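Given the structure is predicted, the values throughout are model-derived calculations rather than measurements. Residue numbering restarts at 1 for every chain, and letters A, B, ... go by the order of the sequence lines.
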2 protein chains.
Amino acid sequence: MIDKTKFPDIAFRKHDHRRCQRQLLTEASQLCATRKLRLTPRRRQVLEIMLASHQPMGAYDILARLNRADSAERIAPPIVYRALEFLMAEGLIHRIESRNAFITCAHPGHESAAQFLICRDCERVAEVETSAQSLLAEADNLGFAVDHSVVEITGVCAECQKHAG
Amino acid sequence: MIDKTKFPDIAFRKHDHRRCQRQLLTEASQLCATRKLRLTPRRRQVLEIMLASHQPMGAYDILARLNRADSAERIAPPIVYRALEFLMAEGLIHRIESRNAFITCAHPGHESAAQFLICRDCERVAEVETSAQSLLAEADNLGFAVDHSVVEITGVCAECQKHAG
DNA sequence: TATCGTTACGTTATAATATAACAAAATGAT
DNA sequence: ATCATTTTGTTATATTATAACGTAACGATA
């Protein structure tokens, strides 16, 4: 039996979206203030667009929204990619590699490696916080039928660590 | 201390490459025979190109090699992508999502989810077979300094399973 | 508040990755 | 030999991402 109350993420649960959105935006603001970084209008705008759905968006989806908003200006890809780069560097959003898409981080500030459950039907993505150890067990627990799992750990191998400084 | 003898994969170890290559090719042949599938010249050619390095290659890298080989014909992207699609479907190669690249499977036939250690210095990729549970521990064990870990599990969420047949 | 180094934004062009759509050829079963 | 199926070939184009360079905003300091 699936215990729905335990679902680890907002994506598959109803919630007060407005409130959630507002909170994440506030958290982002605070986080940038703390780090003496600028959450500029553009960056905030991109984050807001992404928060509107809590779901993964392609860079060009975001771009389209920007261009719908500012009907006058014609915004170009680099602007979006730069904002995404900034937001990723600060852990405010994640990249979903297997979809070439981006999604807001469910709990910014937490340092754990991002892990996702991606539904290939509804396309919703849940970010899970469990340790890597138990992710598959967790998925099973939730009744999530695992289809394909991508585990990619990037770093520096022992040999290269020796050769470098 | 890192126990080099335990390194889980060929990528970071010296080995008899020729032999390894030959063996994987034979395994591929046998696997296709068993499944009544055709390892056509093209597919074999792509696999051979990939086996030459044991390292991830972009589709267009493979394409370039094909075009260097058959100096006459001008081979186009779909040909490569189709071969890759076939090889992936049969578990003979994997896709490295975070690199838009492809790599030969280190142990075709084994059904476990593919997991990789990707060195951002030397770009070598080791495929590990440990259960997902202990991957990070394993990396640590090997002296692999984890930089970034992508864990992406795709499947069907409980809700969609209900709505579908 | 004028200056200046730095950071972010804007713009143009193009690179890199991937697929749609359709025609031709090879395969393999009868 | 014929025919359905699978694979390959071809052309065009979609999608995702970045290089390169100029302009504007910011923010520290004189």
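- Applying the salt bridge (Lys or Arg N to Asp or Glu O under 4.0 Å) rule to A:R35 yields the partners A:E90; only residues at least two apart in sequence or on another chain are considered.
- Side-chain contact of A:Q45 with A:R42: a donor-acceptor pair under 3.5 Å is present, judged by distance alone.
- Here the C1' atom of nucleotide C:dT7 and the CD1 atom of A:I79 are 15 Å apart, to the nearest Å.
- Considering B:H94, B:R95, B:E127 in turn, B:H94 is the only one that fulfils the side chain to side chain contact (heavy atoms under 4.5 Å, CB included) rule with B:I103.
- Taken to the nearest 0.5 Å, the CG atom of B:L31 stands 11.5 Å off from the CG atom of B:L24.
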## Note on the structure
Protein heavy-atom contacts under 4.0 Å, written 5' to 3' over nucleotides 19-30 of chain C as B (base), S (sugar-phosphate only) or - (none), form the string BBB-----SS--

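- Rounded to an integer number of Å, the gap from CZ of A:R74 to P of C:dC9 is 19 Å.
- At C:dA18, one or more side-chain N or O atoms of B:N100 fall inside 4.0 Å of OP1 or OP2 (strictly under the cut-off).
- From B:E27, atom CD reaches atom CG of B:L92 across 9.5 Å, with rounding to the nearest 0.5 Å.
- The residue among B:T40 and B:A76 whose nearest nucleotide of DNA chain D is located toward the 5' end is B:T40.
- For A:E152 and B:R99, the salt-bridge test fails: no basic side-chain N is under 4.0 Å from an acidic carboxylate O.
- Between C:dT17 and B:R99, no contact under 4.0 Å exists linking OP1 or OP2 to a side-chain N or O.
- Taking the 5' to 3' direction, DNA chain D first and last meets chain B under 4.0 angstrom from a heavy atom at D:dT6 to D:dT11.
- Atom CZ of A:R43 is separated from atom CG of A:L47 by 11.5 Å, given to the nearest 0.5 angstrom.
- Contacts of A:R95 with the nucleic acid, taken as non-hydrogen atoms under 4.0 Å apart, involve only primed sugar atoms and P, OP1 or OP2.
- The SG atom of A:C105 lies 11.0 Å from the CG atom of A:L87; values are rounded to the nearest 0.5 Å.
- Rounding to the nearest 0.5 angstrom, the gap separating the CE atom in B:M50 from the CG atom in B:L25 is 12.5 Å.
- Rounded to whole Å, atom C1' of C:dA8 lies 14 Å from atom CD1 of A:I75.
- Between A:L63 atom CG and C:dC9 atom P there is a gap of 15 Å when expressed in whole angstrom units.
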